[in-house]
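Below: one structure, written as structure tokens.
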Amino acid sequence: TSLFLISIILRKLKIKGGLIMYAVTSHDGDVQYGVNEYVCDTVDDLILLPRCAMGSTAIVLEKPAAVYMKNSRDEWVKL
């Protein structure tokens, strides 16, 4: 099953613009390289974060607090 999971991770489904449609962010407790978790004071702080992989999350503490996730277009999306 490990080879099957590796093939899923390595396969890239394409959408318009050649972006990855999905990503495996963790498997069996192991987090994929490049997927990170951040905490920010404000939404404006999101642009200051280092480059990271799709599926990374950021908790923004300004009221009302919110959680954002990085999508395949390299954008932070509010959940």
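Hydrogens, waters and symmetry mates play no part in the numbers below; they use all other heavy atoms, side chains included.
Of the residues listed (Leu48, Leu49, Ile59), the one engaging Cys40 in a side-chain contact (heavy atoms from CB on, under 4.5 Å) is Leu49, and it is the only one.
Around atom CD of Glu37, no more than 12 heavy atoms belonging to other residues, nucleotides or ligands sit under 6.0 Å away.
For the atom pair Ser56 OG and Asn36 CG, the distance stands at 4.5 Å (nearest 0.5 Å). Summarising the geometry, atom CE belonging to Met69 is positioned 15.0 Å from atom NZ belonging to Lys78; distances are rounded to the nearest 0.5 Å.
The side chain to side chain contact (heavy atoms under 4.5 Å, CB included) check on Ile47 picks up nothing, with sequence neighbours excluded. Partners of Asp45 under the salt bridge (charged side-chain N to carboxylate O under 4.0 Å, His left out) rule, at least two apart in sequence or in another chain, do not exist in this structure.
Linking Ile, Leu, Val, Met, Phe, Trp and Tyr whenever their side-chain heavy atoms come within less than 4.5 Å leaves Val39 and Val43 in two separate clusters. Cluster annotation: Val60 is not connected to Val67 through the hydrophobic network of ILVMFWY side chains, with a link wherever side-chain heavy atoms come within less than 4.5 Å. Grouping the Ile, Leu, Val, Met, Phe, Trp and Tyr side chains by contacts below 4.5 angstrom, directly or via other members, places Leu46 with Tyr38.
When all heavy atoms of Cys52 and Lys70 are compared, the closest pair comes out as SG-NZ, 3.8 Å.
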Checklist entry - When you look at Arg51 and Asp74, which way does the side-chain contact (heavy atoms from CB on, under 4.5 Å) test go after all the steps? => result CA-CA 9 Å; Arg51 188 163 179 85; Asp74 206 32; 3.0 Å; yes
